[in-house]
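First up is the structure itself, then whatever we jot down about it.
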Amino acid sequence: MPRQFFVGGNFKMNPTSQGQLDSIISVLNSADLDSTTEIVVAPPSLYLIPLKQTVRQEIQLSAQNCFYKESGAFTGEISPAQLVDSNIPYVILGHSERRSIFHETSEIVAKKTVAALTATLKVIFCVGETLEEREAGLTTEVVQNQLQAAVSHLQVTDWSCVVIAYEPVWAIGTGKVATSAQAQEAHLNIRAFLSQAVSPAVAENTRIIYGGSVTAANCQELSTQPDVDGFLVGGASLKPEFVNIINARRIQG
Ligand code: PGA
């Protein structure tokens with residue numbers, strides 16, 4: 001079975017008004033979207049519930065983060081149980097901004113991943129190297145270490161609810177997209193790692209999506225790579241060109 005193309009929009013801490021959010025969503029609601037693409041948008045958490053009423057049903061919602069406890073004295077956090085109770089199917093975990101700005105270690109990300117999957121959420125699990133790590137030839141090692149933290153704690157069956165987002169930190173929000181050869185090489189390495197660390201079937205079936213300065217202009221070439229199964233889009237997901245990214249595979253015919 002071919003892996004279903006997956007495109008996620010990570011709105012991050014944008015936009016700053018309900019009116020702007022309505023404009024972004026109305027573009028998506030009226031667009032001709034490829035019905036074979038799985039589409040997910042991740043707005044700031046306080047917009048998740050209102051968006052359920054306004055976004056078309058083919059578009060699923062994702063939180064941008066959650067904590068690893070079910071409830072309790074954790075000011076500012078949202079639990080997997082609360083997301084499930086609100087019928088939010090996805091959560092992004094391990095985004096590089098969470099890792100660098102909010103000091104989330106791979107162990108914390110792994111705990112969150114286990115908690116989210118146990119609560120029946122699906123997880124967009126982010127990995128990626130910094131520029132210094134790439135230049136030092138450490139890309140594969142860094143990405144494998146980030147994956148290993150989760151691999152050690154997940155059951156084989158959990159992987160059907162995980163999408164891996166390879167997001168080189170140097171490409172996020174910089175306008176410096178990875179070349180399709182760089183993305184393909186990293187994705188192939190991730191798949192090879194999953195094959196030996198989990199199982200060949202999990203490696204074959206798990207979607208590995210690329211994130212980092214994806215735009216309408218570069219998405220088509222990236223999407224022709226055999227191991228690029230979609231995108232996690234930041235800045236461009238707030239713009240009408242997000243529609244072209246969702247349709248990247250269809251446009252090729
Ligand atoms: P970008 O962000 O598309 O703005 O580079 C991607 C991401 O952080 O998921």
Side-chain angles (χ1 to χ4, degrees), residues 5-16 20-21 24 27-28 37-45 47-48 59-66 88 90-104 106 109 112-113 116 121-131 133-134 139 142-143 146-147 150 162-180 182-183 186-187 190 206-223 225 228-248:
F5 200 66
F6 181 106
V7 176
N10 174 12
F11 292 179
K12 309 193 180 184
M13 202 168 69
N14 300 296
T16 51
Q20 289 167 351
L21 183 67
I24 294 165
V27 170
L28 293 175
T37 301
E38 182 172 2
I39 310 164
V40 173
V41 295
S45 56
Y47 295 138
L48 281 167
I59 298 182
Q60 303 175 83
L61 294 176
S62 174
Q64 297 177 10
N65 181 32
C66 68
I88 306 301
Y90 272 97
V91 62
I92 298 172
L93 292 175
H95 190 278
S96 72
E97 288 148 19
R98 299 292 322 169
R99 291 178 190 263
S100 65
I101 304 169
F102 301 100
H103 311 295
E104 286 188 16
S106 287
V109 176
K112 290 182 169 193
T113 304
L121 289 170
K122 296 178 193 175
V123 174
I124 301 168
F125 184 90
C126 304
V127 295
E129 81 289 357
T130 64
L131 185 59
E133 289 163 343
R134 173 165 281 266
T139 299
V142 167
V143 169
Q146 290 168 338
L147 286 169
V162 176
V163 174
I164 295 173
Y166 169 65
E167 300 203 297
V169 179
W170 48 270
I172 295 178
T174 59
K176 203 170 173 245
V177 67
T179 64
S180 38
Q182 285 171 324
H187 287 220
I190 290 171
T206 301
R207 269 91 56 90
I208 306 173
I209 63 175
Y210 169 81
S213 296
V214 175
T215 63
N218 59 36
C219 66
Q220 255 185 286
E221 200 196 323
L222 284 161
S223 75
Q225 300 305 306
V228 174
D229 303 315
F231 302 112
L232 186 57
V233 187
S237 69
L238 302 165
K239 302 179 188 161
E241 70 181 279
F242 188 45
V243 170
N244 300 73
I245 301 172
I246 290 168
N247 292 338

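In each ligand, atom 1 is the first atom listed, and ligand 1 is the first ligand listed. Note: hydrogens, waters and symmetry copies are ignored here, and every other heavy atom, side chains too, is used.
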Legend entry - 4.5 Å side-chain heavy-atom contact, I164 and T206: yes
Legend entry - Side chain proximity check, D229 to F6, heavy atoms < 4.5 angstrom: no
Tabulation required: pairs of a nitrogen or oxygen in ligand 1 and a protein nitrogen or oxygen under 3.5 Å; columns are atom names and distance to 0.1 Å; otherwise 'none'.
residue	atom	partner	partner atom	Å
ligand 1	2 (O)	K12	NZ	3.3
ligand 1	3 (O)	G234	N	2.8
ligand 1	4 (O)	G235	N	2.8
ligand 1	5 (O)	G173	N	2.6
ligand 1	5 (O)	S213	N	2.7
ligand 1	8 (O)	K12	NZ	2.7
ligand 1	8 (O)	H95	NE2	2.6
ligand 1	9 (O)	H95	NE2	3.4
ligand 1	9 (O)	E167	OE1	3.4
ligand 1	9 (O)	E167	OE2	2.6

Inset, instruction - Anything under 30° is parallel, anything over 60° is perpendicular, the rest tilted; go ahead and classify F5 against F231. - result: perpendicular
Legend entry - Residue that, paired with C66, satisfies side-chain contact (heavy atoms from CB on, under 4.5 Å) out of V91, I88, I92: V91
Legend entry - Donor-acceptor contact below 3.5 Å, side chain E129 vs main chain V143: no
Inset, instruction - Indicate the atoms forming the closest heavy-atom contact of K12 with Q64, along with that distance. - result: O-NE2, 2.9 Å
